[in-house]
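The chains referred to below are lettered A, B, ... by the order of the sequence lines, with proteins before strands, and numbering in each begins at 1.
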2 protein chains.
Amino acid sequence: MRIAEPLQDDCPGAVQRDCRHGHTENGCEDCKVRLFSVCAALESCELDELDRISHARQIPAHSTLFEQGALAGSVFNVTEGIVRLYKSLPDGRRQITGFALPGDFLGLALQDRYGVSAEAVTPVSVCRFLRTAFLSYVDRKPHLLRRLHEFAGHELSLAQDQMLLLGRRTAEEKIAAFLLNMQTRYARIKSMSVTVPLPMSRQDIADYLGLTIETVSRTVTRLAREKVLLIVPDGVRLLDQERLKRIGVA
Amino acid sequence: MRIAEPLQDDCPGAVQRDCRHGHTENGCEDCKVRLFSVCAALESCELDELDRISHARQIPAHSTLFEQGALAGSVFNVTEGIVRLYKSLPDGRRQITGFALPGDFLGLALQDRYGVSAEAVTPVSVCRFLRTAFLSYVDRKPHLLRRLHEFAGHELSLAQDQMLLLGRRTAEEKIAAFLLNMQTRYARIKSMSVTVPLPMSRQDIADYLGLTIETVSRTVTRLAREKVLLIVPDGVRLLDQERLKRIGVA
DNA sequence: CGACTGATTGAACCAGCTCAACTCATGTGG
DNA sequence: CCACATGAGTTGAGCTGGTTCAATCAGTCG
């Protein structure tokens, strides 16, 4: 239940925001991801407070948000666009550990250093918080911490699925699972559609699935030849979802 | 700082435990993993309370603690032995997502269903909690939740490392990283040693590293032939750790 | 001792990789 | 407006790291 008027002690009345640094017009209130991101754990009045420590930022495509191993100065909530999260080996081999979509939170673990690097795949909008400010906010909001922990649990579960995929599935199974997965994740922010946008490069998909770019290309082409899907500009259209599920789902 | 006498409101004095269901003699106080597991977030008096909702259990080798997808009735703290956590595909392919050692917490995500299955590799001792009881306890202890979240963040980080390993490393690199990893993890509960016990089967190692049993065997044998390690009963002795690190570490 | 189970070894095979050529779209500047 | 570079994606051909299948070995237990 959302409460319009502040009711709790720690909601210091209707304080008018005096600082609008880089915020969208109405701050969190009309944020696109408000209702399904971590912030959904917060009431309107609490949100106001969060608003005051947040900084809306636009990040151009292909630029870096943060780098693996660097001190975690900020945490981010993605509100628009796609971010790739990855780990690299010194010789250049790369494993993308996930793609962050709107509503996803970067720096969930709240650790003092980033465990992965993050780069914008498309132009990205984020809601940025200084880690220290966010931490002290979290300390005063146990239900937000619960929410963050739920998100972390979900991430962990996804990571385990991905381990199964990387360690034990064939190229075709990997591709099928990836496409179905992206489809359901997009459904959350747009609406369920048979057209799955793939703004990331083939190399990104390969590095996410533990394959080479050639194998990704060949496998997708073959699935298209077999009328399981149709390749469209910047994505695919899933023609035979049943077949795809039979290939890709556990 | 540990406090011997209860100081806080929610520490209801020195209540004598009237129920010792399955506890070790002195409960949490003299627990082997007390100081580095999640419980380290708790004061003596709080521990007493935790003690009352905990159940010490012995689990024989090769038996199941819980199964992937089942309702998460309990959460566990491993106090002795090794547990394998895994996901399976319907056709029998298996991916071990991790080995839990003493001090590790099972059910960290606090989700209503288990995301993986858990089986004892060796005889295992656990500290078991009914999930509901543990949840309501956590709700009253924000600092325990913080601790659980830290653990979850650490798990997530390990999962990401494992993704990089599964997706982008060679068989030899996988084995080397695994052995060094087990060595440092054991150091936490015993003391640093060049002898790494491997109580799990070759099949377990294979399913953890995304390899076959034959490849594991061949690779370990080759490393032994090259004097990088020595195969001993139920483990290996790391002879040339420098070389191993050159192979295995990022 | 024989039966059984886990680990090792060998030999053939193959899914996915490597290397290389080609296509196609986009951009650029003369 | 065309020549040409550039970069992502596709396609082909051959190769190889790791798998598969099969045999053997080494404990262990009754």
Rounded to whole Å, CD1 of B:I175 lies from P of D:dG17 at a distance of 16 Å

Here the distance between atom C1' of C:dT5 and atom CG of B:D234, to the nearest Å, is 14 Å

To the nearest angstrom, the CG-P distance between B:D91 and D:dT20 comes to 11 Å

Closest to the side chain of B:A171, out of D:dG18, C:dG16, D:dT10, is D:dG18

Rounded to whole Å, the CD1-C1' distance (B:I231 to C:dT9) equals 13 Å

* Give a yes-or-no answer on whether the side chains of A:R128 and A:S74 include a donor-acceptor pair shorter than 3.5 Å. => yes

Under 4.0 Å between a side-chain nitrogen and a carboxylate oxygen: does that hold for B:D207 and B:R84?
no

#### Entry: Any donor-acceptor N/O pair under 3.5 Å between D:dG12 base and A:R218 side chain
yes

Whole-Å distance, B:R168 CZ to D:dG18 P, equals 13 Å

Atom CG of B:L198 and atom P of C:dT8 are separated, to the nearest Å, by 11 Å

What residues 202-214 of chain B contributes to the DNA chain D interface at heavy-atom separation below 4.0 Å is B:G210, B:L211, B:T212, B:E214

Separation of C:dG16 atom P from A:R93 atom CZ, nearest Å, is 19 Å

With a 3.5 Å cut-off and no angle check, do the side chains of A:S125 and A:Q58 form a donor-acceptor pair?
yes

Tightest non-hydrogen contact, residues A:D104 and A:N77, listed as O-OD1, 3.2 Å

B:F36 and B:G103 have their tightest heavy-atom pair at CE1-CA, 3.9 Å

Please list every donor-acceptor pair under 3.5 Å in which a side-chain atom of residues 225-233 of chain B meets a protein atom from a residue at least two apart or in another chain.
{"unit_1": "B:E226", "atom_1": "OE1", "unit_2": "B:R243", "atom_2": "NH2", "d": "3.1"}

Open item on the list: Under 3.5 Å, is there a donor on one side chain and an acceptor on the other for B:E67 and B:S117?
Closed with: no

note: B:R222, atom CZ; C:dG10, atom P; distance rounded to Å ~ 13 Å

Which of D:dG18, D:dT11, C:dG16 is nearest the side chain of A:T221? It is D:dT11

task = Compare side-chain N and O positions of B:T215 against OP1 and OP2 of D:dT19 and report whether any pair is under 4.0 Å apart.
result = yes

